[in-house]
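The structure appears below as structure tokens.
The sequence lines fix the lettering, A, B, ..., with proteins before strands; numbering per chain opens at 1.
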Amino acid sequence: MSTTIRVAGISKSFGPVKAVNRLSFEVSSGQVLGFIGANGAGKTTAMRIMCTLELPDEGFVEICGCNVMENPAKARRRLGWMPDAYGSYTAVSVWEYLDFFGRAYGFRRAELKRRVDEVMAFTALDVIADQAAAKLSKGQKQRLCLGRTLIPDPEVLVLDEPAAGLDPKARIEFKNLVRLLAATGKTLFISSHILSELEEMCDSLLFIDAGSLVHHGSSEKLKQREGSPVLVRIGIDAPLDPLAEWVALYPGIECYDRARNGNLRIRVEDGSPACLAAILRAILQAGFPVCDFHREDIRLEDAFVDMLSKTGAPHAH
Amino acid sequence: MHIDIFPPVLVKEIRQGLKTKAFAFTLIGQQALMVITILFYLLGVRAGNDIEFANGLFWFCLCVPLLAVMPARGFQGIHEERTSQTLELLFLTRLSARQIVVGKWVALFAQALLIVVATLPYMVIRYFLGGIDISSDLAITGWLTLACAALTALAIGLSSVENKAIRVLIMIAAVLSIFPFLSFGMMTVMGGSIFGGVSSGGGPKAATVLGIIGLCLLGGAYALYFGASLIAPQAENHALPKRLIGLLGIAAVTAMAVASGQDEFMAFLFPLVILVGADALTEEPPRVRSVYARRDGGRWPLPPLLRPFLPGWPSGIVYLFVISLTSWALLQALFQDIDNPWALMLAVVTGLLYPLPLILLLGSRIKRIGPAYILLQVIQCILSALLMTAVGTNALEDVTIAGLLPVATFILAATEENNWEHAVAVLAVLMCACLVVLLVKAISVWETRRRSDLCPENEVSPAVTSSDDEIIGSDFTRF
């Protein structure tokens, strides 16, 4: 697969604040990449630089092999930008809104009509074509926003917090649209705070903090990082207090909480299979009547926070 | 005629504009008032009463939409795009800043024309009711339409200014500058001459009218380019059209003065130089390369003579001297009644220049050059007013100190107050000091530019040197 987005060491400061700090990564064509970071981590600034809306202090970005600083006009033809803020006009219907952007992108006559109809059908806006764009629900506005982004049929879609503020139904609809777009071979670059959703939608995740890259890879890779902690649920056919006291003395593990079903949950610093086997062996050797020993899947949010705390990042807590 | 032949912004703005409450209420309200006006006419004519009230109401119904409502709507034009966060989305399409601004103006002016056309039937009815000179009515309507065109262009152009206070301040200053032109034009059309003398025959009158029409159109075009330059990506060169329009303005004023035989028109050169010069001096030199350098590595895309038309204050200084020297030469040659044109022009040039060294010396502490420039000018005007009050009340006898205030020196030179030459001498020294500082700063800007142009691209940060096109965002905002 060829590289569609190449970000090479970009930095951007606003006065004393370093919004983006030597950020580098690559995204292959047809990939769906989730861009994750806390508020103020530099996500939007990095995306704006990618979309030719901001000039970096250093570094460069290539979209489909085209340097966005050297030839922004050419790069813009390859990408669609959907900002977190919904930009609309008063007294303009959904159809007029898309028709205007179609014209602004250079479409005319039959081609314009075809493109607008296609986009309206894809985003299910055709049923509300005559409604005022300013009076749509949040979910409809997001679909209209996506429709506008799709008008020039870009190869790369950069979506900033597209699911923010949507109700569960609208969120599912939006997720379906993203899946359909991914199936057409478009490269999607999506930022969001809702990690679980990105986990479902994205092929890989890119975490940034304080403007710097902290992880780039799949969610599974993040959860199963070598040496990353895991939660283990232990049930014994006896009172839990002696086991809790034993856990407190055993190196590398600690009591996390007591599960609703009465089991004890422990946090194991090294979640490798060998280490888990050693702990189970030790518990059995200590004479506890173990009836349940279950490794729990760590949530992406927990893995992210844990990773930040290990890297000493300021947003870890 | 297919809709596709019209620019996208025009199509959108017309669709949007015709559906707005402001347009609907204006049109319906105007029609209702026009019907009432005609009723007053009927009653007045039948009873043999005075129809002045009906006349006044008729023109009120035409003036309010054209001179107040439409410009007020234009004042929101670009500002609305900014607040609804659609401006960047437009730049990501194939639309340029000029297309956006001009499209908005054409749409607004088209709606104004609709309002004018809607009043024509009532004008005809008035004519048939009697007591009305239809040609005079049409001429006044034409002037109002022209004024509307100029004011809406001005409002749209200024709507690009982010700071609301600055926007209103510039609008007031510009309206005060534009209304004398229109009033003079109206007076000329209605009969006689502007400056007291009687213009004989149709020639001079036609020249005056044509001159004022030309100046209004140039002013409108300048305002639109000014607006476009404030929202445009850095690499777009809007200085070239703006500064060419400035030169055309000088030519238009001169042609009008010569053709009409009224050399008093040459006095319009002063506000023209002030407005165009102030704009040129508050332009930040662009950080991107394409307006200066060719892709093949050449340093300048324009021959040296055309360098004053490149954006940025360093070229703005050169341009200011070009227009002020041209104006001075024309004043000297054509305006016989003016005294000391050289001193007046010196005061204008120094007055325009003096805030710039202060702003540049403060460097990064000043984020926006426009408001700082305007603030320093306002301070200067206040100090000059105080000083002139002191001179007027004989509290200050030695006016030499006035040389530190260009506005005060201008007034002293114009009125030939005692010892005004001393003030002018001090002013000349002040201008030299300003020029020295500006020269040093300009050389530093030029050196930075030259170094980045000469460096091979792989040795320097691409973000700083290789932006040959229009990156939209910018750390620098002028207003």
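Proximity to chain A is absent for every atom of B/Glu80, based on heavy atoms less than 4.5 angstrom apart. Using a 4.5 Å cut-off between heavy atoms, A/Thr149 makes no contact with chain B at all. No part of A/Pro152 comes within reach of chain B, as not one of its non-hydrogen atoms sits under 4.5 angstrom from that chain.
A/Ser88 and B/Ser84 get closest at one heavy-atom pair: O-CB, 3.5 Å. The two atoms that bring B/Leu95 and A/Ala104 nearest to each other are CD1-CB, 3.7 Å, heavy atoms only. Minimum heavy-atom separation, A/Tyr89 to B/Glu81: OH-OE1, 2.9 Å.
Atoms CG and CG, from A/Leu53 and B/Leu92 in turn, are 5.0 Å apart once rounded to the nearest 0.5 Å.
Looking at B/Phe91 and A/Thr52, their side chains never come closer than 4.5 Å, going by heavy atoms from C-beta outward. Counting heavy atoms from C-beta outward, B/Leu90 and A/Phe100 have side chains that approach closer than 4.5 Å.
Contacts with chain A were tallied for B/Lys19, B/Gln85, B/Gln16; B/Gln16 has the most, counting heavy-atom pairs under 4.5 Å. Put simply, of A/Arg148, A/Met82, A/Arg103, A/Arg77, the one with the most heavy-atom pairs under 4.5 Å next to chain B is A/Arg103.
Checked by atom type and distance alone, the side chain of A/Glu96 never pairs as donor or acceptor with a backbone atom of B/Lys12 at under 3.5 Å.
Under a cut-off of 6.0 angstrom, the local environment of CZ in A/Arg114 is crowded, with over 12 non-hydrogen atoms contributed by other residues, nucleotides or ligands.
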